Amino acid sequence: MIEVLILAAIALFVLSRLYVALGRDDGPPEGRPRVPQPGPAPDQSEPGDPTSIETFQQDTQEPHFTGPAAGGLEDIYRADNGFEPRGFVQGARAAYELIVEAFANGERDVLRPLLDDDVYEAWDAAIDARENAQTEPWRLLRLKKADIEDANLNDSMARVTVLYEADLGDGEKTRTSKELWTFMRDVTSENPNWILDDVNTAG
């Protein structure tokens, strides 16, 4: 009986130390940044929606803007000082991966809230044509580059263009894709999400 009581006391002590060390599972720590990804149009997502491009301050100092888009990025920052280029690029990379995958899978329900009307209509038609022809989709193999190429602010509408370079494959062949994707967001909106406004082939 004494041995049983001793073992029980040891077990209780070990469990109490584990509880102190690990704590309860109360969800993610407060203030943890969400992974920035593409998201629905402004005012169409619930707070905490994990599928959104979000820009957030990396530190308390004003970002340092360089490159060909510096002027436009500075204008956007002045209108919305939550904008931070490094955070935007992180979100833009995640956006590319998610959107390319959804397009390859023909997931219109995923694409619809992420794309502007014109882009969605064009891609919806492309999915129809691919399915009718019964051809294999091009899938993302590797995203090699995502760089901001241009930025501007027109009234309250911010647009940022990202140059993507990626390797794609259809199961038999591979190719390198270079495209310019333009994301837009109303900086007066409380919703931090950006949507894909335009896609062009890069020269």
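These numbers were taken from a predicted model, which means no experiment stands behind them. The first residue in the sequence is number 1, and the count goes up from there.
Thr176 OG1 to Glu165 CD: the interatomic distance, rounded to the nearest 0.5 Å, is 6.0 Å. Thr182 contributes atom OG1, which lies 10.5 Å from atom CH2 of Trp194 (distance to the nearest 0.5 angstrom). The CD1 atom of Ile148 sits 9.0 Å away from atom CZ of Phe65, with the distance rounded to the nearest 0.5 Å.
Leu163 and Phe88 fall into different hydrophobic clusters, where Ile, Leu, Val, Met, Phe, Trp and Tyr are joined by side-chain heavy atoms under 4.5 Å apart, directly or via other members.
The heavy-atom pair separating Asp150 from Asn152 by the smallest distance is OD2-ND2, 4.4 Å. Between Ala166 and Leu140, the shortest heavy-atom distance links the atoms CB-CD1, 3.7 Å. In terms of heavy-atom proximity, Trp138 sits nearest to Lys173 at CZ3-O, 3.6 Å. Contact record, Leu196 with Val119: O-CG2, 3.9 Å, taken as the closest heavy-atom pair. Nearest heavy atoms, Val162 versus Ala92: CG2-CB, 4.1 Å. The shortest heavy-atom contact between Ser156 and Thr188 is CB-CG2, 3.5 Å.
Comment: Arg175 does not engage Asp167 in a salt bridge, judged by the lack of any side-chain N to carboxylate O separation of less than 4.0 angstrom. Salt bridge annotation for Arg78-Glu74: present, with a cationic side-chain nitrogen under 4.0 angstrom from a carboxylate oxygen.
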Set out, in order, the CA-CA distance, both residues' side-chain angles and the distance that settles side chain to side chain contact (heavy atoms under 4.5 Å, CB included) for Tyr164 and Leu180, then state yes or no.
CA-CA 6 Å; Tyr164 292 103; Leu180 294 166; over 6 Å; no
Step-by-step side chain to side chain contact (heavy atoms under 4.5 Å, CB included) determination, Asp198 to Met184
CA-CA 9 Å; Asp198 195 21; Met184 70 177 184; over 6 Å; no
Is there a side chain to side chain contact (heavy atoms under 4.5 Å, CB included) between Ile76 and Val160? Walk through the geometry before answering.
CA-CA 9 Å; Ile76 295 172; Val160 180; 3.8 Å; yes
Under the side chain to side chain contact (heavy atoms under 4.5 Å, CB included) rule, what do Glu84 and Tyr77 come out as? Steps first, then yes or no, please.
CA-CA 7 Å; Glu84 201 283 318; Tyr77 175 77; over 6 Å; no
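Considering only heavy atoms from C-beta on, Pro137 comes within 4.5 Å of Arg130 through its side chain. No side-chain heavy atom of Glu179 sits less than 4.5 Å from a side-chain heavy atom of Asn200. Phe83 is not listed as a side-chain neighbour of Val187, based on a closest heavy-atom distance of 4.5 Å or more. Side-chain atoms of Arg159 and Asp197, non-hydrogen and from C-beta on, do get closer than 4.5 Å to each other.
In the hydrophobic clustering (ILVMFWY side chains linked at under 4.5 Å, chained through shared members), Leu141 stands by itself.
Using the six-membered ring where Trp is involved, Trp181 and Tyr96 have ring planes that are tilted, between 30° and 60° apart.
Counted within 6.0 Å of NZ on Lys178, heavy atoms from surrounding residues, nucleotides or ligands total 12 or fewer; the atom is thus considered open.
Side-chain atoms of Asn154 never come within 3.5 Å of backbone atoms of Met157 as a donor-acceptor pair (strictly under, hydrogens ignored).
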Under 3.5 Å, which donor-acceptor pairs link side chains of residues 101-114 to any protein atom two or more places apart or in another chain?
residue: Asn105; atom: OD1; partner: Arg139; partner atom: NH1; Å: 2.8
residue: Asn105; atom: OD1; partner: Arg139; partner atom: NH2; Å: 3.1
residue: Asn105; atom: ND2; partner: Glu101; partner atom: O; Å: 3.3
residue: Arg108; atom: NE; partner: Asp124; partner atom: OD1; Å: 2.4
residue: Arg108; atom: NH2; partner: Asp128; partner atom: OD1; Å: 2.6
residue: Arg112; atom: NH2; partner: Leu115; partner atom: O; Å: 3.2
residue: Arg112; atom: NH2; partner: Asp117; partner atom: OD1; Å: 3.0

